[in-house]
Protein chains: 2
Amino acid sequence: MSPKLSARQQQLLAALRTTAGEVSGQDLHAHLRQSNTPMGLATVYRHLRQLQQWGLVRCRHLPSGEALFAPTERDDHHLTCVDCGTTRPLGHCPVQALELPGSALDGFLPLFHTLEFFGLCAACQQRQGRAAEDNAARP
Amino acid sequence: MSPKLSARQQQLLAALRTTAGEVSGQDLHAHLRQSNTPMGLATVYRHLRQLQQWGLVRCRHLPSGEALFAPTERDDHHLTCVDCGTTRPLGHCPVQALELPGSALDGFLPLFHTLEFFGLCAACQQRQGRAAEDNAARP
DNA sequence: AATCAAACGAGAATCATTCTCAACCTAGCC
DNA sequence: GGCTAGGTTGAGAATGATTCTCGTTTGATT
């Protein structure tokens, strides 16, 4: 399916795999720059895009706008607080169990998915609760 | 939970609700600019961010980098081709049925979610198949 | 009407990402 | 070896969506 990876692409993917969690393009570049396989920023982004097209790399965007990359073989998903923006991994993937009806797919070949829950973390719920009380107390 | 919406915020949300599908910030601004409730670009983004924090608006990023906004009450999800980038709505949401174990949530209050499948559309599978054959035929 | 705080918007600033293009490999061939 | 064609690289410039700044406006309250 995906053609053979070039040496550079393998280095990039390897670097991505060794990082715990997700990395931004800039960070990945900084990290590679200090490794024994440095490469230019343009090259990092070029291959990141290519690997995404081949379904080997996924990318998600935080509410802050930051783009984070990770290898797709990690089936990680997240809970993200819409208020404070903290994001935390979800233990295991509940989508594996899901069957997509073939009729819905209509020829589409799924390679991986992203699932993300947005809501309020415990801290922000408390903070908002307090703020609401304060408001009520000051009519 | 979310404080009362200001007039501007209601206009913005209304505009978002009347557009079919999803809109980029720029497009929404352009659209409002020609309506009877024009507003500045800064204001559009300011409130879009605020509404996201209140869980009323969601945003997803296409592989092309474009950011698209939609009201969260629409429970739409998508199939996106990693190769050509076309994106197509999925009939109905298979996540509704999912139960998240409370233990996994640990105080987190989910408001909405995003689910997106990435893979190859029928056309790109064919194109790749042909390319592979071409390669095999030219050793 | 006077005062004050909050909301607005034009334009500047930011910054991740993409583009440009000259230099540089690599493989195949003479 | 020397040569060419084709693809890859990376420094720096360009892009463009989003955010910030800050003087102005609005609107609520007294």
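These figures come from a predicted structure and were not determined experimentally. Numbered from 1 within each chain, the chains take letters A, B, ... in sequence-line order.
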Between [X] ([atom1]) and [N] ([atom2]), how many Å, whole number?
{"X": "Gln52(A)", "N": "dT18(C)", "atom1": "CD", "atom2": "C1'", "result": "14 Å"}
{"X": "Leu51(B)", "N": "dA7(C)", "atom1": "CG", "atom2": "P", "result": "13 Å"}
{"X": "Leu41(B)", "N": "dC8(C)", "atom1": "CG", "atom2": "P", "result": "14 Å"}
{"X": "Leu32(B)", "N": "dC8(C)", "atom1": "CG", "atom2": "P", "result": "12 Å"}
{"X": "Gln53(A)", "N": "dT18(C)", "atom1": "CD", "atom2": "C1'", "result": "14 Å"}
{"X": "Gln11(B)", "N": "dG9(C)", "atom1": "CD", "atom2": "C1'", "result": "15 Å"}
{"X": "Leu62(B)", "N": "dT18(C)", "atom1": "CG", "atom2": "P", "result": "13 Å"}
{"X": "Glu66(A)", "N": "dT17(C)", "atom1": "CD", "atom2": "C1'", "result": "14 Å"}

Would Arg74(B) and Glu22(B) satisfy salt bridge (Lys or Arg N to Asp or Glu O under 4.0 Å), going step by step from the backbone distance to the final call?
CA-CA 10 Å; Arg74(B) 286 195 208 141; Glu22(B) 310 155 291; over 6 Å; no

Interface polar pairs with nucleotides 6-9 of chain D, N/O, under 3.5 angstrom:
residue	atom	partner	partner atom	Å
dT9(D)	OP1	Arg8(A)	NH1	3.4
dT9(D)	OP2	His47(A)	NE2	3.2

Quick check: closest heavy atoms across Phe108(B) and Phe118(A), and the distance to 0.1 Å?
CZ-C, 3.9 Å

Ignoring hydrogens, what is the shortest heavy-atom contact between Cys81(A) and Cys124(A)? Give both atom names and the distance.
SG-SG, 3.7 Å

May I ask you to check whether His113(A) and His77(A) place their ring centres under 6.0 Å from each other?
yes

Closest approach to the side chain of Ala42(A), judged atom by atom: which nucleotide of dT19(D), dA11(D), dA10(C) is it?
dA11(D)

Between Thr72(A) and Arg58(A), does the side-chain contact (heavy atoms from CB on, under 4.5 Å) criterion hold? Intermediate values first, please.
CA-CA 6 Å; Thr72(A) 50; Arg58(A) 109 183 53 194; 3.7 Å; yes

Phosphate oxygens OP1/OP2 of dG10(D): is one of them under 4.0 Å from a side-chain N or O of Arg33(A)?
no

For residues Thr114(A) and Arg60(B), is any side-chain donor paired with an opposing acceptor at under 3.5 Å?
no

